[in-house]
Every structure is written in C-alpha cells, then in structure tokens.
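Just so you know, residue 1 is the first one in the sequence shown, and it goes up from there. The analysis underlying the following values was restricted to heavy atoms, covering all of them including side chains, and did not include hydrogens, waters or symmetry mates. It should be emphasised that the depicted structure is a prediction, and the values quoted were computed from it without experimental measurement.
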Amino acid sequence: MKQGLLFISSIWFLMHSVALAQGPGYALDMSETARYVSVPNSASLNPISAITVEAWVFPTAWGVNFWTNSIVSKDDWSVGTRGFVLRCGANGTLSFNLGTSVGWREAVSPANSLQLNRWQHVAGTFDGTVIKVFVDGVEKASFTFTGSINPSTFAMNIGQSAYHTVSSRPFTGWIDEVRIWEFALPAVELRQWMCRSLASHHNYFPGLLGHWTFDEGQGQLAADRSFFQNTAALINDPYWKRSGAPLGDTSVVVSSAPFQAELLLVNQDRFNIGAFSTNPAHLHLYRIKNPLLPGAVPAASVDALDQKREWGVFVVGADTANYTATLELIRSNGLHRCASHLFWRTSAADSVFTSASLMLSNNRQINFQRSGSHHFAVGGAGFTNVSTNDSLTFCVGGSATLNAQLSAGFGYQWLRNGTPIAGATQNTYVASQGGTYQLEVYTNASCKDSSETMVVTTLAAPVPVITQQNDTLVTGSFSSYQWLRNNSVLVGANQQRFKPTQSGDYRVLVSNSAGCRDTSAVFPYFMSSVADLAPASFRFWPNPARDIVYLEGEPGYDVQLFDLQGRIAYRSSGTVKTISVVDLPRGLYLMLVDLPQGVLVRKVLLE
C-alpha cells in the first residue's frame, strides 16, 4: 500500500511541478509577534519511525532560551509528550525535539551555530536511533535514542509553537522553503538539494510529506507542493518579501579539495569558480532561470540586465576567503556580448547591483575575484534580441516585420539562411521570403554579436485554372470557392462548378487548406444566340484572311477576337469597319460580335 502511494506521489509531482517557481522567489517575514503560518493536522504530517524537517531561515533576533524561537512546530504536551519541533534561540543554538513514549528527546547544537541577519539552512533528522541537527548541511549535534515519535493531533505551525496556549515561542525573522520528509535524509542529500528546487529525481522524493515554498508572493494561503496538498493559512498577516535564500533551479556542491565548481548551460555559457585562498567546508554554485531581478539599471553605461539567468555562490565555512570566478559568455539573451558587464549583489533580495568587472573582452570571458556568498548577473549596452508582432508563417505575398531594439552606436546587418541581405542594415526588416533570419549587431568589424534565429515559413498559394465542360465552368479541388463575372462577386456561386447564365469574363477566387488565396485568370464565356440572327444583319470578309478583315452591319456592335487558349487578341472600342490582323499569329480564332439582337460567334482563319 505504501509503495503504491509513493508511486502516485511521484506521478503527481511530475504533473504539477511545472508550476513551481524557480530560484528563491518569496519568503515570509514573521518578525512581529503572533504572525505565523498554520497547517491543519494531517496523518501525513505525523511520521512515527523517521523524519526530516528542513528550512531556510533568516533570524533577526534570539529568544532567551534555545527553545524560544519555533521554526517548524507540531509538538504538544497537553496529554503526554507528542510531535516534533525544530527551533532555535539562546545566541544561535539550534535544537530538534521529539515527543516519545519515554518523554522529550532532543539534539541541541552549541551556541553560535546560527548567526543573525543572514540566510542559513537548518535541518533536524531522526532515523529511529539517532536525532541530529544540521546547519548549512554540516552536522552540529546528535543524540542517541531508539524509539518512535508519538503523533500529535495539533496543527503544524511555521514560525510559532503549535501548543501556543501555553507559550507562543515565536520565530523572529524570515522563513522559506520548508520541507518535511518521512525519511532521515543523510548529510550528503541535504547538501545536494539545499540550494536547488525540488525535483522528482531527488533520491528520497517518494518520502516527501510536505513542501511549502511560499512563492505565492501574496494572499492568505500557502500551497503545499507535495502530493498531500496540506494548504497552509497565514495567521495575522506575515509579510511576503523577496527571498534572499540561496536557491536555484540547478546547483552543484563541492565538499572536498580542490574546491572548484562549474555550471555549463545548454547554450554552452560556462560559469566557473575556484582558487580559494582558504578552503571552505562546502561550496555551492547554483543558477536561477528567469530570476526576480530588480528593474533598476545598475549603471548609466548599461542598458539592461539579462533577465533570463543569474548565478549564485554560497560558501560554507570560509566567509572571508577570496576566490576567482570566470564567466565564458556565448550568448547573453539579447544583450550584446561585446558590451557586457558582470554585476553582483549579496542575495536575490537585494535591489541594487554593483559592478564586478570591466567590459567583456573579445575572448568572451570575464575574470574577477570576490569573497563570501553572492549573486551575479550580466548587464550590457546594446541589444541583439529580435521580436515580431506578426506571424512567422504566412502565405506567399505576405510578410513579417522583424524588430530589434535600437541602440545608439551599433551597426546592423540582417542575414537570411546565413547570407547577408543587401541593403538590410537597419534595426528593422520586413521579411517576405521563407528562410532562417538572424541579425548581426556590431560595435566594430572585430567585435560583433548575433541574435537568436527566427524561422519564417511561406505557404504556397493555390493555382486555380478554369475549364469548360459543355455549358459549365469547372476549376480544381480547393477548400473554398467564389465565382466572379466581370470582376463582380456572384452571390451564392461558391462551389467547384458553376453554370453561367450570361456571357462575360469569369474568374474564380479559391483558398486552400492553409488559408492561402488566389484568383484564376479570366475565362471568357459566350452565350451564343446565332440562330436568332438574320444572316444579312452582319457580315465580314475575307475568311480566311491575311492582313485585314472587313466588317459590315448596323452601328452599335462591338467585336472581339480570341485565340484557342481563350486569350483576347483584339477588342474594338465601338463600331469598326476593318480589323488589322497582319501582326497576329497565324491560326484559328473566334470572333465574338456583340449585336443589339444578341451575340454572334464565328470562326476566323488567319493564313
């Protein structure tokens, strides 16, 4: 039964994890008394044989005793000793206390294990025989105890004691990324995942009992991202704040010398850190996609910050050690590579960046030195991102306008299928042909950068041709039809076949399955009434003819000559007596004479 539930939990997370925020997102500030988060009691929050409770905390003040500041609490002593609590106080002491059948059993760290006004990862674990507490993935204390946890019927509170009718024991500061597990996670697993968002390939993921990221950023509820969906309620309005916890969407951790870490992005951008002056206990390097960057530009020479990514460095155990970092930038998400700078801030919660290096050199690398934990982002002058408000797929004859943000002092060259387009040297280009388009933006001949490619697809237009079958006009098979006579729409004439009732110049407008449209060539159609005409009312000669055809009849007639392909070879503009045919190709023609009595059609042979 348990294995089935764990399988369902994994499937549920895969279906819902796309909604999770990347990076630290938001946190809750519990700094004022009686502000906390409450999760209703649930069987899923009462593990008995093993447990891990972990969170990121930013304490701003300590209580007098080490049990004074409750981080995550489900303990009560209203009837015996029940539940668990991860708490701190007394000058940075961390403890994890369990209610058991033989009383409270607790692991307590030394004082100063935690520090004020900085983000730290805290965890308490119990595997059935040992209780442990960890700070930043480093074990700080343990207590040997064999037994189990008595389940508590109280709600689980974050930031205040669950049994608050006796004492609220509030936490003062910020809390983020609370996770509850039914396993005792080993130290290596805590370190592997403390600086990154949860994913289903976590080795202990099936044992996730609760997960509150606090990334809603507003409102009175906080979602439980685990399968159990134990939604938390915000009590007395804790403050939503931009979190500074060192969390990324991916990370690497190094726990032994040589302390060197590297993140290689999909597009081959490379961030490397190493050469520590003093070895830390652990080194975390993480990356945030689509971070919540502040909108302010950090320097007058910089147009914008790269909004797609940010790197973070979290150093454990060597805060003042210098290290060297290298960024090899292949693409800067719309900012010109040759005019890029690197900027840093202490955490994702800071609103101000400081310049960390000079302009990126032509070898695409930035090298710099820093100490302590920081976030790094790329800023630059000049843009290479291309956008359009038009569809990139259109019918032949259509177009799409491609735009790049104009930057002073930069030159432009548009390319199609890798070849420069003659004269296309502005920041805007109207693409009317299919192909792969790209924009080169340059500061000078030796340093240029290129946009991402945009693929334009043109769809073929239909080619309608009209033929005559007896007294009916027919065209090919298309998605829609509209027949026209003398350029006027014929209402209701929207089928593949059409039977005219009048003479005239007919065309058909059709569309294909792609929605592309085109109109056929003119097809002359004659409604002959020759039998009703007296032979003496009109005559012409000679036939066959060589140079001139003579005509005789009552005034008011019009004459047209058509070749056998239906093309007009001659058209009069009123009554004429002669037609010069000396320049017409030899062959058989149809003469159409529009008389007051009707239409007369005769064959004329030119020799």
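Here Leu208 contributes atom CG and Phe228 contributes atom CZ; the two are 8.5 Å apart, rounded to the nearest 0.5 Å. Here the CD-CZ distance, from Gln405 to Phe410, works out to 11.5 Å after rounding to the nearest 0.5 Å. A distance of 7.0 Å separates CG of Asn427 from CG of Asn403, quoted to the nearest 0.5 Å. Arg287 CZ to Leu264 CG: the interatomic distance, rounded to the nearest 0.5 Å, is 9.5 Å. From Met30, atom CE reaches atom CD1 of Ile71 across 11.0 Å, with rounding to the nearest 0.5 Å. Separation of atoms OG (Ser197) and CG (Asp249) is listed at 6.5 Å; rounding is to 0.5 Å.
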Return all side-chain donor-acceptor pairs below 3.5 angstrom for residues 55-66, not counting sequence neighbours, or 'none' if the list is empty.
unit_1, atom_1, unit_2, atom_2, d
Trp56, NE1, Met194, O, 2.8
Thr60, OG1, Thr172, O, 3.4

Check against side chain to side chain donor-acceptor pair (under 3.5 Å), Arg87 and Ser95: CA-CA 5 Å; Arg87 58 195 182 182; Ser95 80; 3.2 Å; yes
Residue pair Asn157, Ser73: steps toward the side chain to side chain donor-acceptor pair (under 3.5 Å) verdict: CA-CA 5 Å; Asn157 287 348; Ser73 168; over 6 Å; no
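Evaluated for a ring-ring contact (aromatic ring centres under 6.0 Å, His included) with His375, the options Trp311, Tyr286, Trp119 yield exactly one hit, Tyr286. For the side chain to side chain contact (heavy atoms under 4.5 Å, CB included) criterion with Val72, the lone passing option out of Val37, Val85, Ile180, Val39 is Ile180. Checking Phe143, Trp67, Trp104 one by one against Asn97, the side chain to side chain contact (heavy atoms under 4.5 Å, CB included) holds for a single residue, Trp104.
Looking at Asn69, its side chain never comes within 3.5 Å of a backbone N or O of Phe171 through a donor-acceptor pair. At distances below 3.5 Å, not a single donor-acceptor pair connects side-chain atoms of Asp136 with backbone N or O atoms of Val316. Without hydrogens or angle criteria, Ser113 side chain to Pro110 main chain gives a donor-acceptor distance under 3.5 Å. Distance alone, capped at 3.5 Å, places no donor-acceptor pair between the Gln160 side chain and the Pro170 backbone. Judged by distance alone, with hydrogens and angles left aside, the side-chain atoms of Thr453 form no donor-acceptor pair with the main-chain N or O of Thr436 at under 3.5 Å. Side chain of Glu440 to backbone of Leu415: no donor-acceptor contact under 3.5 angstrom is found.
Salt bridge Arg35/Asp237: absent, no basic N to carboxylate O contact under 4.0 Å. Under the 4.0 Å criterion applied to side-chain N and carboxylate O atoms, Arg179 and Glu189 are not assigned as salt-bridge partners. At a threshold of 4.0 Å, the pair Glu177-Arg225 does not count as salt-bridged, since none of the basic side-chain nitrogens sits closer than that to a carboxylate oxygen.
Taking the six-membered ring where the residue is Trp, the centroids of Trp181 and His202 are separated by under 6.0 Å.
Ala90 and Ala111 make their closest contact through O-CB, 4.2 Å (heavy atoms, listed as atom of the first residue, atom of the second, distance). For the pair Ile273 and Leu285, the tightest heavy-atom approach, listed with the atom from each and the gap, is CG2-CD2, 4.1 Å. Across all their heavy atoms, Ser226 and Gly210 have their closest contact at OG-CA, 3.7 Å. Across all non-hydrogen atoms, the minimal contact from Glu216 to Trp240 is OE1-CH2, 3.7 Å.
With sequence neighbours excluded, the residues that form a side-chain contact (heavy atoms from CB on, under 4.5 Å) with Ala233 are Leu221, Ile235. Under the side-chain contact (heavy atoms from CB on, under 4.5 Å) criterion, Ala123 pairs with Glu54, His121, Phe134, Leu190, sequence neighbours left out. With sequence neighbours left out, the salt bridge (charged side-chain N to carboxylate O under 4.0 Å, His left out) criterion links Asp319 to Arg118.
For CD of Gln426, the number of neighbouring non-hydrogen atoms (other residues, nucleotides, ligands) closer than 6.0 Å is 12 at most.
Counting only residues at least two apart or in different chains, salt bridge (Lys or Arg N to Asp or Glu O under 4.0 Å) contacts with residues 195-213 are absent. Pairs engaging residues 271-282 under the side chain to side chain donor-acceptor pair (under 3.5 Å) rule: Ser255-His282, Glu262-Asn272 [sequence neighbours left out].
Aromatic ring pairs are classed by plane angle as parallel below 30°, tilted from 30° to 60° and perpendicular above 60°; the pair Tyr323 and Phe276 is tilted.
With hydrogens and angles left out, the side-chain atoms of Ser243 and Asp176 include a donor and acceptor closer than 3.5 Å.
Counting heavy atoms from C-beta on, the side chains of Trp174 and Lys241 come closer than 4.5 Å.
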